[in-house]
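Computed from heavy atoms alone, side chains included, the values below leave out hydrogens, waters and symmetry copies. A note on names: the letters A, B, ... follow the listed sequences, proteins ahead of strands, and every chain is numbered from 1. These figures come from a predicted structure and were not determined experimentally.
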Amino acid sequence: MLLSPSSVPVHILASALHVAPASDPPYKLLESHPSLLLLSKCKSIHGFKQIHSHIVKTGLHNTLFALSKLIEFCATSPFGDLPYALLLFESIPEPNVFIWNTIIRGHSLSSNPILAVDFYVRMLLCGTQQNSYTFPFVLKSCAKAGAIHEGKQIHAHVLKLGLECDAFVHTSLINMYAQNGELDDARLVFDKSAFRDAVSFTALITGYASRGYMDAARLLFDEIPVRDVVSWNAMIAGYAQCFRFEEALAFFEEMRKMKVPPNESTMLTVLSACAQSGSVELGNWVHSWIEDHYELGSNLRLVNALIDMSSKCGDLETARRLFDGIHQRDVISWNVMIGGYTHMSFYKEALALFQLMLGSDTEPNDVTLLGVLPACAHLGVLDLGKWIHAYIDKNFENMTNGSLSTSIIDMYAKCGNIEAAEQVFDGLNPKSLASWNAMISGLAMHGHADKAIRLFEQMVDAGLKPDDITFVGLLSACTHAGRLELGRQYFSSMIQDFNISPKLEHYGCMIDLLGRAGMFDEAEAFIKNMEMEPDGAIWGSLLGACRLHGRVELGEYVAEHLFELEPENPGAYVLLSNIYAGAGRWDDVARIRTRLKDKGMKKVPGCTSIEVDSVVHEFLVGGKLHPLGKDIYKMLDEIDKLLEMAGFVPDTSEVLYDMDEEWKEGALSHHSEKLAIAFGLISTKPGATIRIVKNLRVCGNCHSATKLISKIFNREIIARDRNRFHHFKNGSCSCKDYW
DNA sequence: TTAGGGTTAG
């Protein structure tokens with residue numbers, strides 16, 4: 001074969017021409033150069049700089065090979081620095097294909113992968129021929145950037161060069177299409193090729209799985225000639241992604257039966273599936289398996305996944321023990337622990353841990369706040385919520401995380417500041433479906449039915465498609481405002497116009513509406529026509545309606561359903577005994593009381609919290625533990641006196657047990673919300689709004705009293721009970737006494 | 001002559 005001039009190594013030519021070599025000394029000398037060996041083990045930018053300066057001192061940087069290695073480190077190492085790689089790159093007059101590939105690869109790993117395509121084009125314009133390495137890098141960039149149009153053009157280049165048979169290029173093409181939902185194109189590439197290994201199968205499987213086509217994925221999986229652990233992992237992850245956790249975990253079992261050794265990814269995927277599905281037993285088994293097979297102290301990812309799994313499966317102690325045992329926590333360690341507390345409704349613990357995090361050297365990120373904001377919302381701690389909102393505005397300026405804004409809206413609404421929620425919502429552009437839903441539900445719980453309905457109409461006008469959650473908000477707006485007709489209208493519109501089948505929550509709203517309107521026959525018909533079994537909430541709202549309308553017999557019937565459905569819930573017993581008490585049937589009250597006692601259940605004690613100067617104070621019914629107890633009770637006496645002077649007569653019919661009138665009144669005056677209000681009155685400035693959060697529904701007596709208190713003391717009192725908000729102002733309540 | 005494809009904790 002004749003040698004063409006271009007195939008003769010440049011340094012040989014150079015020596016033949018007796019000029020200084022324009023290119024590198026022999027590869028073997030360079031490859032084993034101590035500085036470059038050091039570079040391959042380098043784990044920090046500091047170490048890189050030392051090696052770099054040594055390379056410059058020895059003159060090695062004049063070789064293209066050493067420059068390639070320096071660029072490679074900067075562009076692709078996790079300890080690298082892409083801008084610096086580009087600086088080095090631009091200093092090279094004629095980069096070779098390896099260097100071009102490395103720069104493209106660097107961008108494919110960066111947060112702005114589309115730039116890789118720019119360099120790919122530049123490379124072609126410079127006359128550098130792509131090779132089989134170029135395509136996996138640039139196609140990965142297209143896949144990540146969603147640049148299907150560019151990807152298709154590059155696909156044409158692949159065909160032109162005849163590289164579609166290269167296993168790496170082949171899989172990269174499939175992956176590029178599959179990751180962007182172009183399943184037909186992915187399939188076409190896959191089917192056309194004779195070279196199908198487990199990797200290309202898995203790329204396609206992942207594409208199908210990500211769009212929910214698990215059955216297609218399964219067919220492909222069964223066809224893989226030699227399955228490897230990643231194929232199994234992809235199937236497990238696919239089922240988990242489609243919320244088909246049982247099948248995901250069954251696949252894991254199958255994999256074990258087939259004696260396929262799981263790897264770390266398998267464990268991470270399975271732990272995540274256990275966490276999401278709350279599979280305690282399997283989770284524990286995986287935990288001990290991991291303890292046996294891994295050195296946990298050196299694998300933060302696994303520990304974090306274990307914390308997540310343990311906490312979501314309800315074992316917060318194990319989760320916390322693991323968390324406390326970590327030497328160097330990363331942001332995910334904090335996030336899973338905080339999120340775990342929130343997930344299990346341990347809101348105070350979530351906030352306490354968040355405070356600890358703020359004092360640590362780990363900065364919270366958006367996921368942290370997504371764990372913390374719901375905790376603020378549930379506890380109704382407005383001051384902390386506001387602080388977090390300001391923190392987000394300050395630190396996440398360029399981040400338009402839709403779910404964060406939705407969480408902020410939800411937090412403000414649940415903390416009683418509906419105006420702030422509206423302000424955040426109005427400032428959102430674009431507005432996600434979730435944010436519309438949060439705003440509609442927020443307005444609903446504050447009793448602003450008209451506003452909620454207007455918003456719903458705006459949303460439909462804007463071309464958004466409401467979902468089932470939108471209608472829960474809308475129907476609950478009707479519920480809280482007693483708008484029966486409107487509720488009926490939206491209920492049927494949901495089914496007919498929007499093709500959404502009603503869920504338990506929608507039925508719950510309707511039955512609540514009908515029950516409170518006293519339309520028991522229609523409510524019962526509604527229950528009979530449901531496609532699913534009614535749950536405790538539905539029977540519960542009907543029972544509440546029975547109490548409201550004094551329907552003793554129906555109440556007894558409904559309560560039996562509840563006793564059966566939720567034997568551990570004392571609420572039904574309390575409601576039924578209230579119905580008896582309302583009818584003066586004290587023997588029956590006593591009977592229910594005994595039944596409750598025999599079952600070892602206690603009425604959930606009323607508890608009200610109030611945040612003053614960012615400190616949360618909690619009051620239990622009749623509680624006397626607060627350090628300012630004396631002052632609070634002094635204030636209570638004054639409140640009672642003023643109420644009496646204003647002509648207030650306590651309604652004692654709602655007290656659970658048959659006691660003499662004076663005792664009853666005493667118990668009423670010590671209801672937790674009254675204690676909290678008294679504390680609010682003595683510990684905040686005159687005229688300041690008082691915000692309280694109660695764990696149960698406010699009783700009729702406290703409701704009437706609070707209305708008067710708002711007038712006597714000239715205070716706006718915003719109260720959240722178990723069900724909704726009451727804005728007390730100048731002697732009346734926003735709920736118009738309908739709740 | 002250096003490198004490359006699929007899964008993977010919040």
Exercise for review: With a 4.0 Å heavy-atom cut-off, tell me which residues in residues 227-243 of chain A come close to DNA chain B, sorted by residue number.
Suggested key: D228(A), V230(A), S231(A), N233(A), A237(A)

Practice item. Residues of residues 101-109 of chain A with any non-hydrogen atom less than 4.0 angstrom from an atom of DNA chain B: list those, numerically ordered, please. Key: N101(A), R105(A)

Please list, one pair per line, the donor and acceptor atoms closer than 3.5 Å that link side chains of residues 76-89 of chain A to other protein atoms, with sequence neighbours excluded.
unit_1: T76(A); atom_1: OG1; unit_2: E72(A); atom_2: O; d: 2.6
unit_1: S77(A); atom_1: OG; unit_2: F79(A); atom_2: N; d: 2.8
unit_1: Y84(A); atom_1: OH; unit_2: H52(A); atom_2: ND1; d: 3.2

Point to revise | Salt bridge flag under 4.0 Å for residues R244(A) and D215(A) | key: yes

For [X], answer base if it contacts any base atom (sugar-phosphate contacts may also be present), sugar-phosphate if it contacts only those atoms, and nothing otherwise; contact means non-hydrogen atoms under 4.0 Å.
X: N175(A); answer: sugar-phosphate
X: E72(A); answer: sugar-phosphate
X: A178(A); answer: nothing
X: I332(A); answer: base
X: S68(A); answer: base
X: N131(A); answer: base

Check your understanding: Checking T58(A) side chain against I55(A) main chain: does a donor-acceptor pair fall under 3.5 Å?
Key -> yes

Check your understanding: Hey, does the side chain of T342(A) reach the backbone of G371(A) with a donor-acceptor pair shorter than 3.5 angstrom?
Key ->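 It does hold such a pair.
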
Practice item. Kindly determine whether R122(A) and D118(A) satisfy salt bridge (charged side-chain N to carboxylate O under 4.0 Å, His left out), including the steps that lead there. Key: CA-CA 6 Å; R122(A) 237 180 95 183; D118(A) 291 348; over 6 Å; no

Side-chain polar contacts of residues 144-152 of chain A - donor-acceptor pairs under 3.5 angstrom, sequence neighbours left out - could you list them?
unit_1: K144(A); atom_1: NZ; unit_2: S108(A); atom_2: O; d: 3.0
unit_1: K144(A); atom_1: NZ; unit_2: S110(A); atom_2: O; d: 3.2

Check your understanding: Residues two or more places apart in sequence or in another chain: which of them pass ring pair (Phe, Tyr, Trp, His ring centres under 6.0 Å) with F168(A)?
Key ->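 So F168(A) forms no ring pair (Phe, Tyr, Trp, His ring centres under 6.0 Å) with any residue.
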
Check your understanding: Is any side-chain heavy atom of T202(A) less than 4.5 Å from a side-chain heavy atom of R227(A)?
Key -> no

Check your understanding: Between H107(A) and F119(A), does the ring centre distance come in under 6.0 Å?
Key ->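 Between H107(A) and F119(A), the centre distance is under 6.0 Å.
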
Check your understanding: With a 6.0 Å cut-off on ring centres, are F221(A) and F251(A) close enough?
Key -> yes

Practice item. Please find the earliest and latest nucleotides of DNA chain B, in the 5' to 3' direction, that have an atom within less than 4.0 Å of any heavy atom of chain A. Key: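 That gives a stretch of dT1(B) to dG10(B).
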
**Study point:** More than 12 heavy atoms from other groups under 6.0 Å of NE2 on H61(A)
**Key:**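 Yes, because the 6.0 Å sphere around NE2 of H61(A) holds more than 12 heavy atoms from other groups.
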
